[in-house]
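Read the structure below first, then the notes.
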Amino acid sequence: MSTTPAKLVLAYRIDAADCLTHVNEAWSEFARQNHGEELMPQHVLGHNLLRAIADTTVRELYTRMILAARAGRTLRFRYRCDAPARRRTFEMEIRLVEAGAVEFVSTLQHEEPRPSVYVLESDRRRDERMLLICSWCQKVELPDATWVPVEAAVEILHLFDADTYPQLTHGMCGLCKAGWHDSDL
């Protein structure tokens, strides 16, 4: 069952040195509700946004988007930000706000419940394995380099019966990467 979401707007800003200077109260509440204590203002403000992005492809894309925003372009795109028991689609707007400062505003567009996907729960025991999730569409990369929805990956990788789960890391699948062109930036 699909739901029309309440107007959830998450916002954060970076300064000219790419350091986080502001997160709105909705950001803090969203972090609390989603077990993201490490994303609370006291843990992120003053830190460089780009250094927090582990995947080089995603970091490069964000660098290009920030440069485009600083050049006066407003960028908009949709991305998924799922919870273990919820599928969510947000629309992000990135824009210059003042003297090199850039604001990122994500507005919830769609949300629907699903059976909980345990591998996405932050309190699960983790082992040394890594599970790569696309930052845009939330598909998971399999060992054969194909990308499938997280529910299918759990089944294919036999994670239902696992005592421990892989660590989660984010990147970008080929299809989402192909959707971004230099002309978009």
Side-chain angles (χ1 to χ4, degrees), residues 2 10 12 14 18 20 30-31 34-36 38-39 44 47-69 73 75-94 102 104 106-185:
S2 173
L10 310 174
Y12 59 97
I14 59 172
D18 300 330
L20 287 158
F30 190 76
N34 291 280
H35 307 288
E38 71 278 3
L39 298 174
V44 299
H47 292 266
N48 186 288
L49 172 68
L50 297 172
R51 289 191 194 126
I53 302 172
D55 182 76
T56 55
T57 301
V58 175
R59 187 173 46 251
E60 178 184 314
L61 180 56
Y62 265 80
T63 299
R64 291 172 36 211
M65 290 188 296
I66 290 166
L67 289 172
R73 298 222 16 238
L75 300 146
R76 285 184 191 84
F77 60 92
R78 288 186 178 231
Y79 67 96
R80 292 267 301 273
C81 181
D82 293 352
R86 312 284 303 165
R87 285 186 193 94
R88 295 186 291 234
T89 302
F90 282 85
E91 181 175 84
M92 182 180 281
E93 180 177 287
I94 304 173
V102 174
F104 301 75
S106 290
T107 305
L108 183 62
Q109 301 295 307
H110 178 79
E111 182 174 37
E112 64 185 34
R114 68 169 170 204
S116 192
V117 179
Y118 299 124
V119 73
L120 297 178
E121 292 179 358
S122 62
D123 60 350
R124 295 290 172 163
R125 277 188 351 152
R126 304 289 170 174
D127 54 37
E128 70 284 346
R129 296 174 296 160
M130 299 297 282
L131 194 63
L132 182 62
I133 300 174
C134 179
S135 296
W136 266 253
C137 70
Q138 296 289 284
K139 288 185 178 177
V140 172
E141 184 179 37
L142 297 177
D144 67 0
T146 59
W147 292 79
V148 298
V150 67
E151 296 91 344
V154 167
E155 186 174 322
I156 292 166
L157 298 172
H158 306 287
L159 297 178
F160 284 120
D161 303 323
D163 293 328
T164 61
Y165 291 90
Q167 297 174 51
L168 305 178
T169 186
H170 288 80
M172 195 171 199
C173 73
L175 189 58
C176 289
K177 193 183 307 182
W180 284 92
H181 306 285
D182 287 331
S183 61
D184 294 335
L185 301 174

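Each residue takes its place number in the sequence, starting with 1.
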Does any non-hydrogen side-chain atom of [Y] lie less than 4.5 Å from one of [X]?
X: I53; Y: R51; value: no
X: L159; Y: P166; value: yes
X: C173; Y: E141; value: no
X: R88; Y: L108; value: yes
X: L67; Y: Y62; value: no
X: R126; Y: L168; value: yes
X: T107; Y: L10; value: no
X: W147; Y: V140; value: no

Do you know which two heavy atoms are closest between [X] and [Y], and how far apart they sit?
X: A31; Y: L39; value: CB-CB, 4.2 Å
X: C137; Y: R80; value: O-NH1, 3.5 Å
X: L132; Y: G171; value: CD1-N, 3.4 Å
X: L157; Y: P143; value: CD2-CD, 3.8 Å

| Passes side-chain contact (heavy atoms from CB on, under 4.5 Å), H170 versus D55? Steps please. | CA-CA 7 Å; H170 288 80; D55 182 76; 5.9 Å; no
Within this structure, what is the [atom1]-[atom2] distance for the pair [X] and [Y], rounded to the nearest 0.5 Å?
X: I133; Y: M172; atom1: CD1; atom2: CE; result: 15.0 Å
X: T89; Y: E112; atom1: OG1; atom2: CD; result: 8.0 Å
X: E111; Y: C81; atom1: CD; atom2: SG; result: 10.0 Å
X: C176; Y: Q138; atom1: SG; atom2: CD; result: 9.5 Å

| Is R87 salt-bridged to E151, going by a charged N under 4.0 Å from an acidic O? | yes
| query | Sequence neighbours excluded, which residues qualify as side-chain contact (heavy atoms from CB on, under 4.5 Å) partners of R76? | reply | T74, E91, E93
| task | Identify, with sequence neighbours excluded, every residue that meets side-chain contact (heavy atoms from CB on, under 4.5 Å) alongside I66. | result | I14, D18, L49, L50, R70, V102, F104
| query | Run the side-chain contact (heavy atoms from CB on, under 4.5 Å) check on L175 and K177 step by step: do they pass? | reply | CA-CA 5 Å; L175 189 58; K177 193 183 307 182; over 6 Å; no
| request: Please report the C-alpha distance between M92 and Y79 in whole Å, then the side-chain angles of each, then the deciding distance to 0.1 Å, and finally whether the side-chain contact (heavy atoms from CB on, under 4.5 Å) criterion is met. | output: CA-CA 8 Å; M92 182 180 281; Y79 67 96; 3.8 Å; yes
| request: Apply side-chain contact (heavy atoms from CB on, under 4.5 Å) to V154 and Y118, showing your working. | output: CA-CA 9 Å; V154 167; Y118 299 124; over 6 Å; no
| message | For a quick check under 3.5 Å, do Y12 and S106 share a side-chain donor-acceptor pair by atom type? | response | no
| said: Assess, by modelled atom type and distance only, whether the side chains of R78 and Q109 contain a donor and an acceptor separated by less than 3.5 Å. | reply: yes
| request: For the pair W180 and F77, name the ring-plane relationship: parallel under 30°, tilted 30 to 60°, perpendicular over 60°. | output: perpendicular
So, [X] side chain and [Y] main chain: donor-acceptor pair closer than 3.5 Å or not?
X: R125; Y: T164; answer: no
X: D127; Y: R129; answer: yes
X: R114; Y: A85; answer: no
X: T146; Y: L142; answer: no

| Pairing residues for R124 by the side-chain hydrogen bond (donor to acceptor under 3.5 Å, both in side chains) criterion, not counting sequence neighbours | E121
